[in-house]
Amino acid sequence: MSEPTLAAVATRWYDENARDLPWREPGVTAWAVLVSEVMLQQTPVVRVLPAWHAWLSRWPGPAELAADPPAEAIRMWGRLGYPRRALRLRDCAVALVERHDGTVPADLHALLALPGVGDYTARAVLAFAYGQRHPVVDTNVRRLVARAVAGAADAGPSTRPADLVATEELLPPEPAAAARASAAFMELGALVCTARTPRCVDCPLATRCAWLASGEPAPTGPTRRPQRYAGTDRQVRGLLLAVLRETPGPVSRDRLDLVWSDDVQRARALATLVEDGLVTSHSDAVYTLPGALPHTQPL
DNA sequence: AATCCGTGGTA
DNA sequence: TTACCAAGGAT
């Protein structure tokens, strides 16, 4: 009798230890799964949970979201971060209505063509919403495979084609089992094989882990210096957009001038927000979220 | 390929 | 307090 596969061990662990996340419940629509995946791009689960419920309560399907202006999507996005995702999710809803009769396609190529949907999200939808057999490679899976299989301390900074191949080879042949194994790998990476302090004592793969077997070698290669946030254009954009989000009507330039003292940087940040389609500039120095009515009294 | 894009919790 | 990190995508 041969050893059980990594996927089998991970799946057994998942059956006992998985979190009860609402987008994993049976009967959840592909649209709801897609919304969860987009919200989870770089945003922690605990912050996504209430936003996901509110979003789907307001827009049960792509057609409802596509019918509302971008301003509503940006407001509903709240403080999840990276608000361009809200814009792209609405653009995606429009594309689903126009190209796919308001449905989420069960096809990799069609999904990859949608705004805001990349290699990870497309395969996650196919696996988790449609039960198809695809490698689902996120930061958790990259890290888990790097350690358990490659024996490295950490994965590279971005997903590479080789990561897809290495992960696909771990999956069982049966599509439904493969999808479940992908969820299990992600959950193991998120809860046990964590970035900073992996809980190897609780890991079902510990006896099979190449990184543990080689004595937990330290990470090799250059450590990229962290992205700062304070003082960046991103912070200024965040401050500007927060005012637009929280103000019911139009906002005057005078009001926006209050959020950041550096005139040059503030103007640059506002200009890029307009370029990105997150803010609309009207005549006489008045700004709104895109699609919002500009003619009430500016604050 | 490297950089940009928000926000908040944690050690 | 600072630095890291969180189910990435677009350019």
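Order of the sequence lines fixes the chain letters, A, B, ..., with proteins taken first and strands second; residue numbering starts at 1 for each chain. Keep in mind the model is a prediction, meaning the values are calculated, not measured.
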ask   = Is any side-chain N or O of Thr43(A) under 3.5 Å from a base N or O of dG6(B), one able to act as donor and the other as acceptor?
value = yes
key: Between dC5(B) and dA7(C) - P atom distance, rounded Å   = 22 Å
key: Residues Arg133(A), Glu174(A): salt bridge by 4.0 Å N-O rule   = no
key: Residue Arg24(A) excluded, over 12 heavy atoms near CZ under 6.0 Å   = yes
Can you check nucleotides 7-11 of chain B for protein contacts, nitrogen or oxygen pairs under 3.5 Å, and list what you find?
residue: dT7(B); atom: O2; partner: Arg47(A); partner atom: NH1; Å: 2.9
residue: dT7(B); atom: O2; partner: Arg47(A); partner atom: NH2; Å: 3.4
residue: dG8(B); atom: OP1; partner: Arg79(A); partner atom: NE; Å: 2.4
residue: dG8(B); atom: OP2; partner: Arg79(A); partner atom: NH2; Å: 3.1
residue: dG8(B); atom: O4'; partner: Arg47(A); partner atom: NH1; Å: 3.4

task = For Ala124(A), report the nucleic acid contact type (base, sugar-phosphate, nothing); a contact means any heavy atom under 4.0 Å.
result = nothing
message = Any side-chain N or O of Thr121(A) below 4.0 angstrom from OP1/OP2 of dG9(C)?
response = yes
ask   = Is it the case that Arg88(A) and Tyr82(A) place a side-chain donor and acceptor less than 3.5 Å from each other?
value = no
message = Under 6.0 Å between ring centres: does that hold for Trp59(A) and Trp31(A)?
response = no
query = Within a radius of less than 6.0 Å around CZ of Arg199(A), do more than 12 heavy atoms belonging to other residues, nucleotides or ligands occur?
reply = no
key: Inter-nucleotide P distance (dA6(C), dA1(B)), Å rounded   = 23 Å
inquiry  = Can a side-chain donor-acceptor contact be found between Arg85(A) and Thr43(A) if the only test is distance below 3.5 angstrom?
reply    = yes
query = When you match Val45(A) and Leu114(A) each to their closest nucleotide on DNA chain C, which lands nearer the 5' end?
reply = Val45(A)
P atoms of dT11(C) and dG6(B), separation to the nearest Å = 14 Å
